[in-house]
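Encoded as structure tokens, the structure appears first; notes follow it.
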Amino acid sequence: DRTVRSVKQRTGYGKFKTLSGVVLSSDTKLQLLDSRLESKISKSCNFVDWNPFPVEFWCSQDKKQGINFAINNEGIVESILSETDTALLKYHAGAYLHWFSQYNVEKDQFESAFETVNKIVEDYNYSCR
């Protein structure tokens with residue numbers, strides 16, 4: 001089935017644990033297919049065991065045709081860590097800090113932001129066990 005094949009390609013099928021997903025469609029008939037489609041998506045997305053309702057179906061009033069599917073999975077952690085590494089290198093080198101100080105952004109705010117990002121990564125790692 002084309003939908004499931006596309007989902008597998010875009011979600012890193014089997015590679016990442018998925019916390020949840022949302023299917024958005026302008027087609028009201030989609031609600032009739034919920035259980036069949038949910039089963040196919042669930043098999044494709046490697047959902048975490050602790051979420052009893054990992055897929056939600058929303059019907060849009062927008063008349064554009066098509067189905068959109070969004071997921072929340074641990075694949076984002078790699079991107080977050082990569083961006084954080086780059087930001088930390090620049091921060092420790094003092095790059096651009098003078099620009100931020102013009103707007104009263106101090107070093108403790110950067111450090112707090114880095115701590116927040118680390119907490120997000122920890123939470124993803126914990127949630128996706």
Side-chain angles (χ1 to χ4, degrees):
D1 168 292
R2 195 175 113 209
T3 303
V4 173
R5 206 171 32 251
S6 178
V7 167
K8 286 180 180 180
Q9 292 168 353
R10 289 191 172 91
T11 60
Y13 175 64
K15 181 177 179 184
F16 301 115
K17 283 293 214 177
T18 302
L19 300 172
S20 61
V22 175
V23 178
L24 175 64
S25 174
S26 59
D27 188 354
T28 56
K29 295 175 190 167
L30 179 69
Q31 292 175 330
L32 301 174
L33 301 174
D34 281 6
S35 62
R36 234 179 47 204
L37 190 56
E38 183 174 4
S39 174
K40 289 181 179 184
I41 291 172
S42 291
K43 289 176 186 172
S44 300
C45 288
N46 195 20
F47 286 108
V48 292
D49 295 331
W50 54 261
N51 187 349
F53 306 106
V55 181
E56 289 187 42
F57 290 86
W58 296 351
C59 189
S60 169
Q61 300 303 317
D62 189 353
K63 298 299 179 200
K64 294 179 183 176
Q65 294 298 317
I67 295 176
N68 294 303
F69 181 57
I71 60 169
N72 181 7
N73 78 10
E74 67 180 328
I76 191 68
V77 170
E78 292 175 13
S79 297
I80 291 172
L81 290 174
S82 174
E83 293 299 322
T84 302
D85 287 347
T86 301
L88 278 167
L89 286 172
K90 290 178 182 179
Y91 173 74
H92 289 300
Y96 308 106
L97 293 180
H98 64 285
W99 288 103
F100 290 98
S101 66
Q102 290 179 15
Y103 298 100
N104 299 319
V105 177
E106 302 298 328
K107 288 188 175 190
D108 61 330
Q109 290 171 291
F110 279 98
E111 291 167 11
S112 175
F114 290 127
E115 288 174 19
T116 299
V117 170
N118 284 335
K119 179 70 172 128
I120 290 169
V121 169
E122 286 175 18
D123 289 347
Y124 264 101
N125 289 333
Y126 178 79
S127 298
C128 292
R129 288 191 213 177

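Below, all heavy atoms of this structure are taken into account, side chains as well, without hydrogens, waters or symmetry copies.
In this structure, the side chain of S112 does not engage the main chain of D108 through any donor-acceptor pair within 3.5 Å. In this structure, the side chain of S82 does not engage the main chain of S79 through any donor-acceptor pair within 3.5 Å.
Partners of E83 under the side chain to side chain contact (heavy atoms under 4.5 Å, CB included) rule, at least two apart in sequence or in another chain, do not exist in this structure. Scanning for side chain to side chain contact (heavy atoms under 4.5 Å, CB included) contacts around N118 gives an empty result, with sequence neighbours left out.
Residue I41 holds its CD1 atom at 11.0 Å from OG1 of T18, rounded to the nearest 0.5 Å. Residue F110 holds its CZ atom at 11.0 Å from CG of L88, rounded to the nearest 0.5 Å. Between the CD atom of Q109 and the CG atom of N104 there is a distance of 8.5 Å, given to the nearest 0.5 Å. To the nearest 0.5 angstrom, C45 atom SG is 4.0 Å from F69 atom CZ.
Using a 4.5 Å heavy-atom cutoff, the side chains of N72 and Y124 are in contact.
Cluster membership for V121 and F114, using ILVMFWY side-chain heavy atoms within less than 4.5 angstrom, is not shared. Side-chain heavy atoms closer than 4.5 Å link hydrophobic residues (I, L, V, M, F, W, Y) into clusters, and following such links, possibly through other members, connects V77 to W50. If you chain together hydrophobic residues whose side chains sit under 4.5 Å apart, V48 and I71 never meet in one group.
Nearest approach of F47 to K17, heavy atoms of both residues: O-NZ, 3.8 Å.
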